[in-house]
Amino acid sequence: MLLNLTILPGDGIGPEVTEQAVLVLQAIADAFGHQLQLQRKSIGGAALAAVNDPLPADTIQACLSTSAVLLGAVGSPAFDHYPNHLRPEAGLLRLRRELGAYANLRPAICFPALEDCSPLRADLVRGTDIMIVRELLGGLYFGEPRSITGSAGSRIALNTMTYDEPAIERIARIAFDLAVKRRQKVLSVDKANVLECSRLWREVVIRCAKDYPGVQLAHMYVDSAAMSLVQRPKDFDVVLTENMFGDILSDQAGGVVGSLGLLASASIGGPVGLYEPVHGSAPDIAGKGIANPLGAILSAGLLLRHSFHLEREAACIENAVSAVLNQGSRTADLARAGQNPVSTSEMGRRVVEAVKQSSALA
Ligand code: IPM
Ligand code: MG
C-alpha cells in the first residue's frame, strides 16, 4: 500500500519527536511491504518565521493532497505577543477546520511497565484504558463573535460558546461507535447545570444513545469528572465531551497515566486525518534531545489504524512501545530515581528495533 503522508514537524520538540515517528513508520513500511511517501511542510511558529503565516497555502494544499497528516507540535513563546490570528496555534486550529477534523480521539492507557510513573497509587491506575472523544471544531475555540474591545483599563473580552445539534450528534455517534468495540460505556461530560450548550449537548447525546441499546450512557459535570478521573480512572471507558473540556481533561488523563509525553491523538471525520501527540511544543526542553517520542510514535500508529485501516501494523507499533517500556527504557519524563534516562533518538531506535524483531517473528 502507498502511505502518502504530509509531515508537519512544527515547533519546539515537534521536529525531534516526528523524526522518530517517521523512522518507526519507515520500519513498518519495510516490514509489511508498504511504500512510504512523505512531503514535509511548515506550520505554526516555524511557518510564521518563514512566511509570516502560521498555515501557508502550500501546507494546506499538501495536506489535502495526501492521505494523512502527521504533526509534531505548534507553539512558541516568541509569538506570544502576536495577534490571535498570527499565533502558531491559529495555524493548527485552521488546519483542523480545513481538514474537517471534528473528532479528536485521545487514548489514555496505563502501560503495565509504567504503573509507578503515575502520581496516583499503582493499584488505582493499573488497568486504566480511557478513550477521550473530544469535539474539535466547535465551542469556545471557534465561536463568533470574539474580540477584545474598549480602551485601556476598561477593555472587555468576549468569546462565544456555541454548538448546534448536528455538530453534537456527529461527535456523539463517533463515541458510541467506539464504545461498541470497547467496554460498552460512554460517559458524556458537560456543565448542564450552568450552560445552555451543555443542556443541548445532553439532550442530543441521550437521543443518540437510543440507537445503541447495548451501550451504557452516563453523564457527569466536568468538575465532578475531573475529580473522578483521579479517584477512579479505571472506571472510565469512552469519555465524550466538547472542545475545551476535552482539551483540559486529556492533559489530566496524561498526568494520570504517568506522562503527557505518552499520549497520542487522531483528529478524524474529514477527508484527511490529522495525527499529533497531545503534549505540545514544550519549548523549555526543545533541542535538548530529551523529549519523549512515544506520543508521536503512537500517533503514527493511530494514523495507520484510522487513515489506512492497517490494524496489524498499528498493533505492531503499540506492541513495540510496550516492549521497550517493559525492557526498562525511559525518557527523562518517565525515569525515576536510579533509572538512567535515554535520549529521544535512542528511544526511537529501540522502538524501531522492537518493530523489526516482532515483524521478523510474525
Ligand atoms: C491540544 C493543544 C491545542 C488545543 C493548542 C496547541 C491550540 O493544547 O491539542 O490539546 O488547545 O487544542
Ligand atoms: Mg491541549
Side-chain angles (χ1 to χ4, degrees), residues 3-10 14 18 21 39 41-44 47 54-75 85 87-108 131-143 162-164 166-178 238-251 263-281 295-296 298-310 314:
L3 308 175
N4 59 331
L5 312 178
T6 304
I7 307 294
L8 305 177
T18 13
Q39 309 188 48
K41 294 288 172 186
S42 66
I43 190 171
L55 186 66
D58 77 312
T59 298
I60 306 177
Q61 267 161 25
C63 293
L64 287 170
S65 70
T66 48
S67 302
V69 180
L70 182 68
L71 181 137
V74 298
H85 69 284
R87 289 182 57 112
E89 291 81 358
L92 175 58
L93 298 182
R94 258 170 57 207
L95 180 62
R96 288 173 177 169
R97 203 176 44 200
E98 296 277 352
L99 297 181
Y102 66 84
N104 184 216
L105 316 185
R106 300 189 154 184
M131 176 64 85
I132 296 180
V133 178
R134 169 189 178 194
E135 198 293 323
L136 203 58
L137 296 182
L140 287 166
Y141 278 66
F142 292 95
T162 155
Y163 270 103
D164 59 31
I168 303 169
E169 178 158 350
R170 66 182 182 177
I171 190 70
R173 294 205 177 274
I174 297 267
F176 284 111
D177 286 336
L178 283 166
V238 175
V239 174
L240 163 64
T241 193
E242 67 88 45
N243 203 347
M244 175 75 95
F245 298 160
D247 178 45
I248 299 168
L249 290 177
S250 55
D251 272 34
L263 258 59
S265 87
S267 302
I268 57 174
V272 177
L274 169 66
Y275 300 84
E276 48 175 318
V278 176
H279 52 59
S281 60
L298 291 166
S299 297
L302 294 179
L303 176 153
L304 296 173
R305 172 173 295 129
H306 292 284
S307 283
F308 295 96
H309 307 289
L310 294 174

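Within the 4.5 Å cutoff, the side chain of V133 has no heavy atoms near those of the N104 side chain. Proximity of I7 to V69: side-chain heavy atoms (C-beta onward) are nowhere separated by under 4.5 Å. L71 has its side chain out of reach of T18: every pair of non-hydrogen atoms, C-beta onward, lies at least 4.5 Å apart. In this structure the side chain of L99 reaches within 4.5 angstrom of the side chain of C63, judged on heavy atoms. Here the side chains of L263 and L298 are not in contact, with every heavy-atom distance at 4.5 Å or above. Annotation: side chain of V278 is not in contact with side chain of E276 (no heavy-atom distance under 4.5 Å). Between L105 and I174 there is a side-chain heavy-atom pair separated by less than 4.5 Å. Counting only heavy atoms from C-beta outward, the side chains of S42 and P56 approach each other to under 4.5 Å.
For N243, the side-chain hydrogen bond (donor to acceptor under 3.5 Å, both in side chains) partners at least two apart in sequence or on another chain are R134. Remark: R94 engages D53 in a salt bridge (Lys or Arg N to Asp or Glu O under 4.0 Å) (not counting sequence neighbours). Listed by chain and residue number, M244 satisfy the side chain to side chain contact (heavy atoms under 4.5 Å, CB included) test with I248 (two or more places apart in sequence, or in another chain). Legend: residues meeting side chain to side chain contact (heavy atoms under 4.5 Å, CB included) with A21, ordered by chain and number and at least two apart, are L70, A296, I297, A300. Scored by the ring pair (Phe, Tyr, Trp, His ring centres under 6.0 Å) test, F176 finds Y212 as partners (sequence neighbours excluded). Under the ring pair (Phe, Tyr, Trp, His ring centres under 6.0 Å) criterion, Y102 pairs with no residue, sequence neighbours left out.
Put simply, the side chain of T59 never gets that close to the backbone of L55: no donor and acceptor are under 3.5 Å apart. Checking side-chain atoms of S299 against main-chain N and O of A264 turns up no donor-acceptor pair under 3.5 Å. Looking at T66, its side chain never comes within 3.5 Å of a backbone N or O of L5 through a donor-acceptor pair.
To the nearest 0.5 Å, the span separating CG on L95 from CZ on R97 amounts to 11.0 Å. Summarising the geometry, atom CD belonging to E89 is positioned 7.5 Å from atom OG belonging to S281; distances are rounded to the nearest 0.5 Å. Within the model, atoms CG of L240 and CE of M131 stand 12.5 Å from one another, a figure rounded to the nearest 0.5 Å. With values rounded to the nearest 0.5 angstrom, I132 atom CD1 is found 5.0 Å from S250 atom OG. Within the model, atoms CD of Q61 and NZ of K41 stand 8.5 Å from one another, a figure rounded to the nearest 0.5 Å. Distance CD/E242 to OG1/T162: 11.0 Å, rounded to 0.5 Å.
Of all the heavy atoms in Y275 and I268, the pair that sits closest is OH-CG2, 3.6 Å. Residues P54 and H85 share a closest heavy-atom pair of CG-O, 3.8 Å. When all heavy atoms are compared, the tightest approach of Y141 to L93 is CD2-CD2, 3.7 Å. Heavy-atom minimum distance, L64 versus E98: CD2-O, 4.2 Å.
Each of L92, L136, L137 was compared with S267 under the side chain to side chain contact (heavy atoms under 4.5 Å, CB included) criterion, and only L136 meets it.
Between the side chains of S67 and S307, no donor N or O sits under 3.5 Å from an acceptor N or O.
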